[in-house]
Protein chains: 2
Amino acid sequence: MDRPPADIWKEFERNVVSHSAAHHIVAIAELLESRGYARVSDVAKTLNITRGSASLTLKALKQRGFVEEDENRFLRLSEVGESIARAILGKRVLIRRFFTNVLGVPEKTAEVDSCKIEHLVGTGTMRRLDHYLRFLESQDRAVQSFKEAWRSFSASIEEDAPEAPARSPAMGTDAQADLPIDA
Amino acid sequence: MDRPPADIWKEFERNVVSHSAAHHIVAIAELLESRGYARVSDVAKTLNITRGSASLTLKALKQRGFVEEDENRFLRLSEVGESIARAILGKRVLIRRFFTNVLGVPEKTAEVDSCKIEHLVGTGTMRRLDHYLRFLESQDRAVQSFKEAWRSFSASIEEDAPEAPARSPAMGTDAQADLPIDA
DNA sequence: AGCATTTGATCGGTATGCCAAACACTGGTT
DNA sequence: AACCAGTGTTTGGCATACCGATCAAATGCT
């Protein structure tokens with residue numbers, strides 16, 4: 001008696017860009033930043049996929065107007081493409097900061113987790129997370145003693161919590177097998 | 001000189017279950033909970049997909065040993081399937097709680113966002129979020145004044161922040177067009 | 001100039017995940 | 001017995017997203 005519109009779960013695919021496309025765009029942005037140029041091959045190398053795959057995906061991104069091409073095959077980001085890249089990178093940074101600085105998640109884990117969800121979380125939610133983190137980084141006295149208290153609280157729990165808890169069997173052929181928290 | 005293993009971004013697909021599969025499993029769990037039974041059609045109705053699609057996906061989940069079938073076509077979850085369902089639901093609840101209770105994200109947004117990422121976030125990260133939320137719900141005096149301070153801080157920002165900010169043009173044929181936060 | 005490499009595109013092939021349509025099977029009505 | 005609604009499966013189609021193989025064009029080396 002509460003299964004509402006029922007289609008919320010499909011919102012997963014209704015994003016501006018897919019996970020794959022997001023990383024193609026971000027790769028271009030990072031390549032331009034670090035090397036000054038980005039070609040199809042460079043994107044492919046960065047993402048560890050074949051040139052053929054990158055070529056195809058980038059063709060679609062060109063058609064959608066996110067990526068543009070030089071007369072010499074050099075890739076650029078359009079206005080929109082750049083704002084997408086900025087948005088995704090901004091979200092990633094925020095999420096990582098939250099995971100590592102607030103929750104105390106290990107670097108590596110934070111990177112993987114943030115990279116998985118960066119393009120999926122809504123802008124409104126991220127704006128709020130941004131404010132929250134700003135607040136936590138302010139000099140407010142209440143914040144200071146709060147962080148103090150949280151540090152000792154989490155330390156007291158951490159003690160017997162191995163980060164890589166010697167996985168159990170079962171779980172089929174799959175890779176990492178992450179789930180089970182039974183919260 | 002910093003593109004590390006380069007394959008982190010592919011972790012996206014290396015999950016125990018896909019987004020779709022996750023929701024099939026959760027649907028079964030919720031149907032069993034609310035009605036006491038779950039058939040292929042019920043799952044399809046719940047997820048708003050055709051019976052054909054559900055039939056196919058559930059067949060795969062049976063083969064992987066997450067879902068089992070009655071002699072009368074009634075679906076159950078295996079041990080593993082149930083732990084997956086619990087894990088996902090647990091994660092969803094945690095994330096929603098964080099979004100709504102801490103960040104102050106509107107209900108609807110929190111539901112959509114948490115449903116998008118629930119199956120993607122690692123267990124270790126979620127365990128830490130769990131602790132954090134528990135801490136925030138404790139009676140610690142530092143926590144109390146912190147929450148007080150955060151409320152007024154966020155209220156002072158909220159003022160001119162319409163939750164549905166009259167989207168701009170561009171952004172092609174896509175649906176919601178969420179991104180741009182330019183953080 | 002001549003051959004090798006790099007680059008980008010294209011073409012099957014695979015896998016997921018959705019749809020619509022066709023089919024078979026069941027149980028209840030009439 | 002005839003019918004029909006509900007259920008589950010199968011099939012073909014589409015879209016995404018990867019692979020490997022092949023190909024043309026540009027570039028590089030000797």
Side-chain angles (χ1 to χ4, degrees), chain A residues 6-25 27-28 31 35 37-64 66-76 116 119-120 172-175, chain B residues 6-7 9-28 31 35 37-64 66-76 116 119-120 172-175:
Chain A
D7 254 5
I8 302 109
W9 78 283
K10 284 190 182 172
E11 294 293 324
F12 185 69
E13 13 245 52
R14 295 216 177 80
N15 292 294
V16 179
V17 291
S18 66
H19 180 72
S20 173
H23 278 275
H24 279 72
I25 291 173
I28 293 174
L31 283 166
R35 304 196 207 175
Y37 67 90
R39 296 162 306 172
V40 173
S41 293
D42 303 314
V43 174
K45 250 177 233 125
T46 304
L47 298 182
N48 240 24
I49 58 179
T50 63
R51 282 169 298 153
S53 299
S55 176
L56 242 40
T57 303
L58 289 170
K59 184 162 81 173
L61 290 177
K62 283 176 220 158
Q63 278 162 3
R64 296 219 289 162
F66 298 158
V67 173
E68 289 164 358
E69 203 172 25
D70 212 57
E71 58 281 9
N72 292 318
R73 308 269 201 166
F74 288 118
L75 301 170
R76 293 172 304 151
K116 280 183 184 174
H119 66 295
L120 291 170
T173 63
D174 257 277
Chain B
D7 255 5
W9 78 284
K10 284 190 181 171
E11 295 292 324
F12 186 69
E13 12 245 48
R14 297 218 178 82
N15 291 293
V16 180
V17 291
S18 66
H19 180 73
S20 174
H23 278 276
H24 279 71
I25 290 174
V26 168
I28 293 174
L31 283 166
R35 304 196 207 175
Y37 68 91
R39 296 161 305 172
V40 174
S41 293
D42 302 314
V43 174
K45 250 177 231 125
T46 303
L47 298 181
N48 239 25
I49 59 178
T50 63
R51 282 169 301 156
S53 300
S55 175
L56 244 39
T57 302
L58 290 169
K59 184 162 80 174
L61 290 176
K62 281 177 221 158
Q63 278 163 4
R64 295 221 287 161
F66 299 158
V67 173
E68 289 164 357
E69 202 171 27
D70 212 56
E71 58 283 8
N72 292 318
R73 307 267 200 169
F74 288 118
L75 302 170
R76 293 172 304 151
K116 279 183 184 174
H119 66 295
L120 292 170
T173 63
D174 258 277

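In what follows, every chain begins at residue 1, and chains take the letters A, B, ... in the order their sequences are listed.
Between atom CD1 of residue A:I25 and atom NE2 of residue A:H119 there is a gap of 11.0 Å, rounded to the nearest 0.5 Å. Expressed to the nearest 0.5 Å, how far CD1 of A:I28 lies from CG of A:L75 amounts to 5.0 Å. Note that the CG atom of B:L61 and the NE2 atom of B:H24 stand 7.0 Å from one another [nearest 0.5 Å]. Distance check, rounded to the nearest 0.5 Å: CD of B:E69 to CZ of B:R76 gives 9.5 Å. Here the OH atom belonging to A:Y37 is positioned 13.5 Å from the CG atom belonging to A:N72, to the nearest 0.5 angstrom.
Comparing D:dG8, C:dA9, C:dG8 by their nearest atom to the side chain of B:S55 picks out D:dG8. In the set D:dG8, C:dA9, C:dG8, the nucleotide with an atom closest to the side chain of A:S41 is C:dG8.
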Contacts under 3.5 Å, N or O only, protein and nucleotides 14-17 of chain D:
from, atom 1, to, atom 2, distance (Å)
D:dA17, OP1, A:S18, OG, 2.3

Check nucleotides 19-22 of chain D for protein N or O atoms closer than 3.5 Å to its own N or O atoms and list the pairs.
from, atom 1, to, atom 2, distance (Å)
D:dC19, OP2, A:T50, N, 2.9
D:dC19, OP2, A:T50, OG1, 3.2
D:dC19, OP2, A:S53, OG, 2.9

Listed pairs, N/O of protein and of nucleotides 24-28 of chain C, under 3.5 Å:
none

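We find that NZ of A:K45 is positioned 12 Å from C1' of C:dT5, with the value rounded to whole Å. Atom pair B:N72:CG and D:dT7:C1' shows a separation of 13 Å (rounding to whole Å applied). Rounded to a whole Å, the CG atom of B:D70 is 15 Å from the C1' atom of D:dG8. Atoms NZ (A:K59) and P (D:dC18) sit 15 Å apart, rounded to a whole Å. In this structure, CZ of B:F12 is placed 11 Å from P of C:dG17, rounded to the nearest angstrom. Distance, B:L58 CG to D:dT10 C1': 15 Å, rounded to whole Å. Distance, A:L61 CG to C:dA9 P: 13 Å, rounded to whole Å.
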Per-pair distances, 0.1 Å, donor-acceptor, side chain in residues 50-60 of chain B, under 3.5 Å, sequence neighbours excluded:
from, atom 1, to, atom 2, distance (Å)
B:T50, OG1, B:S53, N, 3.3
B:T50, OG1, B:S53, OG, 3.1
B:T57, OG1, B:S53, O, 3.2

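Considering all non-hydrogen atoms of both residues, B:N15 and A:K116 come closest at OD1-NZ, 3.2 Å. Annotation for A:V43 and A:L31: closest pair N-CD1, 3.8 Å, computed over non-hydrogen atoms. For the residue pair B:K10 and A:L47, the shortest heavy atom distance occurs at CE-O, 3.8 Å.
Between B:R73 and D:dG8 there is no side-chain polar atom (N or O) within less than 4.0 angstrom of OP1 or OP2.
Taking A:R73 as the reference, nothing meets the side-chain hydrogen bond (donor to acceptor under 3.5 Å, both in side chains) condition, with sequence neighbours excluded.
At least one donor-acceptor pair under 3.5 Å links the side chain of A:H19 to the backbone N or O of B:W9.
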